[in-house]
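Right, one structure below, let's go through it.
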There are 2 protein chains.
Amino acid sequence: MPQSMTSADLRIRNQVRLLRAVHDAAEPFTRAEAARLLGIGRNTAAALVGELEQARLLHEVPAESSGRGRPTTLLVPHPDGPLAFAVDFREDTWTLASVALGGAITELESGEHDRTPAVFTQIRAAVARHETPRLAMLGFATSGPIRDGHRLHISHLGWDEVELDSVLGEGWPPTVIDNDARLAGLAESRRGALRGKGTAMHFHIDFDIGGTLLLAGDAQRGGHNIAGEFGHMPLTGSTLECMCGVRGCWSLDVGANALVRRFGKQPGYGTGRELAREILHRAENGDREAMEALDANAASLGKGLGALANALDPEAISLSGLGIDLIRLRRNLIEERCLENLMAFRRDEPPQIVPGTVGAAGPLTGAAEIAWDAILAPAGLKERLQGRGSQPPGRP
Amino acid sequence: MPQSMTSADLRIRNQVRLLRAVHDAAEPFTRAEAARLLGIGRNTAAALVGELEQARLLHEVPAESSGRGRPTTLLVPHPDGPLAFAVDFREDTWTLASVALGGAITELESGEHDRTPAVFTQIRAAVARHETPRLAMLGFATSGPIRDGHRLHISHLGWDEVELDSVLGEGWPPTVIDNDARLAGLAESRRGALRGKGTAMHFHIDFDIGGTLLLAGDAQRGGHNIAGEFGHMPLTGSTLECMCGVRGCWSLDVGANALVRRFGKQPGYGTGRELAREILHRAENGDREAMEALDANAASLGKGLGALANALDPEAISLSGLGIDLIRLRRNLIEERCLENLMAFRRDEPPQIVPGTVGAAGPLTGAAEIAWDAILAPAGLKERLQGRGSQPPGRP
DNA sequence: TTGTTATGTTCGTATCAAGAACATAAATGG
DNA sequence: CCATTTATGTTCTTGATACGAACATAACAA
């Protein structure tokens, strides 16, 4: 318990509460509403906002009057305030975006890459092209687990335990990095289908299944920062050997690899994704073999979700990637199998299974969230508020 | 965000921090150490402790001097301070204990019961026999899930969705209640083998498996307060039908029921526990059939733990109940099967699998923890500190 | 006996949020 | 068109908090 609590910390805490409220709100709100929301007086709210405006974190704009009363102002991000950059680093492409307080995303640049760590240099160059003193923190979404926060393991790129520092190199802005599946879940939890849920799960279905357990708006990270490999539990009774080194993984029956395998093709990270799309398309058009593959996929998905719901009791489960299509095409089958595998006493309150609403922007949005979490941490904010007005914001 | 943050709340927060430190510490510490621990000045510490002494929460006793310096005092629970009562309600027995700040347990009374809800009246009478104005909160451990905190479901007593209010009846002190497996895990996390682990799991193996995911010293509760049924995931490939209504549950292969079934006996909640002990005993003495049953049990346990570790990445896993015996008798087999089912890249850092150290006192200890959590919540503490010195402590 | 050391105590100060009273800018309604 | 109503902004005072510095105290050590 190192963090002492002094009057100054009290102020910081209230300012963090205010900024978080602005960041998390679906719609901008006024200063008076903020006072009510935080349970503080209008005078205190005025003081807080004043300092935050000085520090170029908030800005006040006239609010169109609604009814009687003295007109007030809306609290919006400061036009010259700090920005988070977010990177979504994928299999063969990357995207760089800038994200303001409140979550508004501006895509800056994107590109393809050659699957070697040189891509990081490429991305860093892009960051440099758009660099501004306003850049305060960079959030980075990558596929693959990041052990202990620094050892990167991306099997489909053949990167095995790559040391993060060595590939990132020097010259990066302050950076926070996490797994894309987890960040996609975080995005749903903060700004998507799982908003407001205390306990929820998200699964991204691509070649296989990656997921995360979301508790009160935060993604569970695990003891070595590698939680979330729900796809590698033996939930469907498969006896095949998985690329992960274990037999019987759930992922062997759900996802693009599973679809492809049913057609005698080699599962793997090549053209599998297009083939899977093709199979779904054929299933939609009544192709019998494709429909069976789709059914098997959906049934296995539902079974696994039921099993996980028994253990973790989520209020809702959202899906992304192929999961969106699976819900669209086979919702009933998924729900039926989920129900079948729920303990009997849970069947009157099954978890909602919903398509994610953040969509393909999930990892990028999640990366922005962790970057803003870092910016809005009390420690960092304290610094930013100390030198109010004098030097320009952004990292030192 | 309803909780405002005023100067008074600041004081309460620091007092909570201090009390929690005392409650959680393995050894009592001095006032000066407390000041360093919390990062506050000695003068502030003196003020905090003074008020807490007034409120009969803390007491100062002379500390034997260690080396130079002015002698100081140890912070200990106030001899007339609030007490938590804890109840461990089991299949056919119950135990009532009194627990002071810091976690010291005094057993007050125990008894058997007839498996009908009348037992609650019995327990309430016992509480009344020991009632004192110092009683501040009662923590209650029961088997079976408690949906939404008020619907009790104990299958082996034939209690199906019993409304908690109706069985508890009137006249109880302020009460918090939770599931025994979850509370046993909480106990290990706070005071046992999982102390200090950020992410951990605990499994209580009895007839079947109940468990809990422990995050930063708190047990995960789920969206409907019924998380933790890890035993009802299909982790071992069984095809049997489980009493829970699903096929293939992990619990079908691990625990007393699984042992008993191997001997052609009907699994269930009768004399199964003694029979299971008997089987373990025979296995220890070299009985081949019993050894095979034990091996199968241990192997299934290990396999399931590996699968769960893939998903949730615990630093450590503790076991209680039969799990203690399984570790004692077949540690290698459990660990080997766990490792086999861990994704390859995790195998150099497998979760530690350890016997719980709180032992049979787990549910009782956990019940005391949630009771003290309630007492030490800022809201309740505020009340207790308002009327300092005037009226006696305890619930109004 | 005289320092040394760790702790307790006292006092003044800066900061913070609350509360009350007042000021202000719209909409409302005759 | 003007007084009223209403919601908000602003100002000032007040009580409470933790901090820092200086000093007091009680042991131990040389």
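- Across the interface with DNA chain C, nearest-nucleotide mapping of B/T73 and A/P71 shows B/T73 to be the residue nearer the 5′ end.
- Applying the ring-ring contact (aromatic ring centres under 6.0 Å, His included) definition to pairs two or more places apart or across chains, those involving residues 7-58 of chain A are A/H23-A/W372.
- At the phosphate of C/dA18, neither OP1 nor OP2 sits under 4.0 Å from any side-chain N or O atom of A/N43.
- In this entry the distance linking CD of B/E60 with C1' of C/dG8 reads 10 Å, nearest Å.
- For the pair B/M5 CE and D/dT17 P, the computed distance is 13 Å after rounding to whole Å.
- With C/dA17, D/dT8, D/dA18 as the choices, the nucleotide that has an atom nearest any side-chain atom of B/T44 turns out to be D/dA18.
- Checking the phosphate oxygens (OP1, OP2) of D/dT10, a side-chain nitrogen or oxygen of A/R31 falls inside 4.0 Å.
- Applying the 4.0 Å criterion to OP1 and OP2 of C/dT5, one finds that B/R70 has every side-chain N and O outside that range.
- For the OP1/OP2 pair of D/dT8 and a distance below 4.0 Å, the side-chain nitrogens and oxygens of A/R42 include no atom meeting the criterion.
- As rounded to whole Å, 11 Å separates atom P of D/dT17 from atom CG of A/L10.
- Between B/N14 atom CG and D/dA16 atom C1' the separation is 13 Å, expressed in whole Å.
- Between A/R11 and C/dC16 there is a side-chain N or O to OP1 or OP2 distance below 4.0 Å.
- Listed for the B/N14 side chain is no donor-acceptor partner under 3.5 Å among the backbone atoms of B/R11.
- Summarising the geometry, the separation between CD1 on B/I12 and P on D/dA16 is reported as 13 Å, rounded to the nearest angstrom.
- For the OP1/OP2 pair of D/dC19 and a distance below 4.0 Å, the side-chain nitrogens and oxygens of A/T6 include no atom meeting the criterion.
- Here D/dA18 presents its C1' atom at 16 Å from CZ of A/R13, a figure rounded to the nearest Å.
- Taking 4.0 angstrom as the limit, A/T72 places a side-chain polar atom (N or O) nearer than this to OP1 or OP2 of D/dG9.
- Counting to the nearest Å, the P atom of C/dT15 and the CG atom of A/L48 are 15 Å from each other.
- Checking A/A46 against A/G69, the closest nucleotide of DNA chain D that is more toward the 5' end is the one next to A/G69.
- Judged by distance alone, with hydrogens and angles left aside, the side-chain atoms of B/S189 form no donor-acceptor pair with the main-chain N or O of B/A187 at under 3.5 Å.
- Ion pairing between a basic and an acidic side chain is recognised when a charged N comes within 4.0 Å of a carboxylate O; A/R190 and A/D373 show such pairing.
- What separates CG of B/L37 from P of C/dT7 is a distance of 13 Å, to the nearest Å.
- Remark: the backbone N or O of A/L385 is not paired with any side-chain donor or acceptor of A/E51 at under 3.5 angstrom.
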